[in-house]
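Here's the structure we're looking at; comments come further down.
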Amino acid sequence: MKVLGIESSCDECSAAVVEDGQRVLSNLVLSQVDLHKPYYGVVPEIASRQHVEWIRGVVEDALAEAGVPIAGIDAVAVTRRPGLIGSLLVGLSFAKGFAWARRLPLVGVDHILAHLYAPHLERDIQYPYLGLLVSGGHTIIARVERWDSIEVLGTTIDDACGEAFDKVAKHYGMGFPGGVAIDRLSKSGDPEAFRFPKPNLHKGDDARYDVSYSGLKTAVIHQLDQFWNGKAERSLANIAASFQRTAIEILVDRVLLAARDTGLRRIVAGGGVAANSRLRERLAAEPGLEAIFPSLALCTDNAAMVAGLGWQLLRDGKTAGLDLNAEARVSMFKRRYP
Ligand code: KG4
Ligand code: ZN
């Protein structure tokens with residue numbers, strides 16, 4: 001069964017054709033990053049207008065690259081939440097139109113669950129496992145029981161992990177998004193050069209696996225300001241490496257605690273920050289744990305993960321009607337998700 005996947009929840013306009021939930025025939029991602037760079041963040045109005053311009057072309061190109069004619073598509077899967085509402089509606093409306101015109105089943109996909117599904121496109125992974133979703137918008141540690149059911153164990157109480165990388169990078173003048181640039185600069189710095197603060201919010205059981213990044217971000221920005229003012233002698237690379245070490249330790253501490261408490265020894269990561277070299281090395285080196293990371297192209301937003309998860313949902317009979325709507329926000333503090 002060939003599923004057309006469509007993803008437009010943020011600033012990536014993507015379409016993919018995936019066969020039987022695993023075989024990626026095409027996965028095209030058009031990035032709007034250059035349009036949003038001057039603003040150091042995604043401007044929702046610019047994003048949705050650009051999706052309108054690109055959506056038809058990206059779907060056509062994904063079909064062409066897969067070598068599949070329109071008549072060869074069996075179903076349409078589309079991201080319906082969470083995300084920027086205007087952006088989501090472009091992909092959703094296009095998917096509805098496509099499905100209606102071709103009389104195909106339509107399935108609405110959750111972006112968070114799609115990120116967690118991404119590594120399943122590359123290998124068979126047994127449930128349950130500990131899922132780690134770290135991106136510019138989300139930081140979630142969850143017990144993943146099935147493709148459509150997770151128990152959220154911990155989340156961020158303020159900034160997302162990727163957001164902290166982006167805000168620190170902005171202070172460096174590295175542009176947006178800045179995670180990759182910080183990762184690269186860290187390679188030439190000493191990760192032990194600076195002691196940055198780690199949050200201490202784990203006294204009560206409720207916050208046991210939660211993380212926080214706003215304190216770290218502020219401390220790093222202050223340190224950078226001192227450097228710019230000529231008071232600090234350490235190099236920019238040392239600050240970046242020390243920030244990265246601390247940001248990843250904050251995450252890894254909670255992941256290891258959750259692994260110990262739940263007895264889950266398999267950790268599956270997803271989201272843009274899963275591309276981080278230190279996170280990958282750190283978890284891979286942890287004895288007694290199996291750490292699974294998707295390839296870099298499947299870490300960031302893409303439609304193949306949407307088509308893959310869509311296929312599973314179709315098999316479960318979870319098709320949607322043309323009244324399917326988009327949702328901008330979801331609650332991460334509710335334990336069961338969705
Ligand atoms: O999953 P994604 O493409 O979009 C969201 O759903 O947010 O993730 C983008 C985020 C950005 O914050 C970006 O800076 C971060 O992932 N990122 C990284 C790295 N590559 C991307 N953060 C740290 N290290 C990296 N190598
Ligand atoms: Zn994402």
Side-chain angles (χ1 to χ4, degrees), residues 5-14 16 27 29-33 36-37 39-42 44 47 78-84 87-88 91 109-119 131-140 155-156 159-172 174-187 189 191 211 213 216-217 220 240-241 243-252 269-283 293-306 308-309 328-330 332:
I6 295 178
E7 157 65 43
S8 70
S9 64
C10 192
D11 60 335
E12 260 97 28
C13 190
S14 180
N27 186 21
V29 182
L30 296 187
S31 170
Q32 301 181 1
V33 74
H36 301 286
K37 243 183 195 139
Y39 310 98
Y40 291 99
V42 177
V78 60
T79 303
R80 62 170 288 238
R81 72 169 182 213
L84 302 172
S87 293
L88 284 166
V109 170
D110 181 290
H111 184 80
I112 291 168
L113 299 182
H115 267 301
L116 290 169
Y117 188 82
L132 173 64
L133 171 54
V134 264
S135 69
H138 304 286
T139 309
I140 297 167
T155 182
T156 178
D159 292 347
C161 184
E163 195 180 348
F165 273 88
D166 292 340
K167 287 184 176 158
V168 166
K170 175 184 173 185
H171 229 74
Y172 272 92
M174 284 170 168
F176 170 85
V180 185
I182 295 277
D183 197 353
R184 203 173 303 129
L185 179 60
S186 297
K187 294 202 193 309
V211 296
Y213 280 104
L216 171 64
K217 174 192 70 186
V220 172
F243 159 69
Q244 176 167 281
R245 176 180 63 82
T246 314
I248 297 306
E249 274 327 297
I250 289 172
L251 212 51
V252 170
V273 186
N276 184 267
S277 61
R278 191 168 176 103
L279 177 64
R280 294 172 94 98
E281 283 159 20
R282 185 66 188 73
L283 283 180
F293 286 88
S295 59
L296 297 187
L298 291 177
C299 284
T300 45
D301 289 351
N302 67 88
M305 65 187 190
V306 176
L309 175 55
R329 288 180 171 276
V330 293
M332 266 306 121

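Start at 1 and go down the list; that is how both ligands and their atoms are numbered. None of these values were measured; they are calculated from a predicted model.
With hydrogens and angles disregarded, no donor-acceptor distance shorter than 3.5 Å links the side chain of Thr79 to the backbone of Arg81. The closest donor-acceptor contact from the side chain of Gln32 to the backbone of Ala47 lies under 3.5 Å. Formation of a donor-acceptor pair under 3.5 Å by the Arg329 side chain with backbone atoms of Pro82 is not found in this model. In this structure, Asn302 contributes its side chain and Met305 its backbone to a donor-acceptor pair below 3.5 Å. In this structure, the side chain of Thr139 engages the main chain of Cys161 through a donor-acceptor pair within 3.5 Å. Checking side-chain atoms of Ser9 against main-chain N and O of Gly83 turns up no donor-acceptor pair under 3.5 Å.
At least one N/O-N/O distance between Asp183 and ligand 1 falls below 3.5 Å. Some N or O of Gly179 is nearer than 3.5 Å to an N or O of ligand 1, by distance alone. For ligand 1, one of its N or O atoms has an N or O atom of Asp166 under 3.5 Å away. Ligand 1 has no nitrogen or oxygen under 3.5 angstrom from a nitrogen or oxygen of Pro177. The N/O atoms of Asn276, backbone and side chain alike, include one that comes under 3.5 Å of an N/O atom in ligand 1. At least one N or O atom of Gly162, backbone or side chain, sits closer than 3.5 Å to an N or O atom of ligand 1.
Taking 4.0 Å as the cut-off, His115 counts as a neighbour of ligand 1 on heavy-atom distance. At a 4.0 Å cut-off, not a single heavy atom of Cys10 sits close enough to ligand 1 to count as contact.
Atom-to-atom distance recorded for Leu298:CG and Asn27:CG is 6.0 Å, nearest 0.5 angstrom.
For the Zn ion (ligand 2), the set of nearby N, O or S atoms under 2.8 Å includes one belonging to His111. His138 lies apart from the Zn ion (ligand 2) in this respect, since none of its N, O or S atoms is found at a distance under 2.8 Å.
Every atom of ligand 1 with a heavy atom of Ala275 under 4.0 Å away is listed here by number and element: 20 (N), 26 (N). Applying the 4.0 Å criterion to heavy atoms of Gly137 picks out, from ligand 1, the atoms 7 (O). Residue contact check: Gly136 has heavy atoms under 4.0 Å from atoms 5 (C), 7 (O), 8 (O), 9 (C), 10 (C), 12 (O) of ligand 1.
Using a 4.0 Å cut-off between heavy atoms, His111 contacts ligand 1 through its side chain alone, with no backbone atom that close.
Residues Phe176 and Tyr39 keep their aromatic ring centres 6.0 Å or farther apart.
Using a 30° and 60° split on the angle between ring planes, His111 and His138 fall in the tilted class, from 30° to 60°.
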*Apply the test side chain to side chain contact (heavy atoms under 4.5 Å, CB included) to residues Phe165 and Gln244: give CA-CA distance (whole Å), side-chain angles for both, the deciding distance (0.1 Å), then the verdict.*
CA-CA 8 Å; Phe165 273 88; Gln244 176 167 281; 3.8 Å; yes
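Within the 4.5 Å cutoff, no side-chain heavy atoms of Phe293 are placed close to those of Cys299.
Of the protein's heavy atoms, Asp301 OD1, 3.4 Å lies nearest to atom 6 (O) of ligand 1. Shortest contact from atom 1 (O) of ligand 1 to any protein heavy atom: Gly272 N, 3.0 Å.
For His115, the N, O or S atom with the smallest separation from the Zn ion (ligand 2) is NE2. Distances from the Zn ion (ligand 2) to the N/O/S atoms of Asp301 are shortest for OD1.
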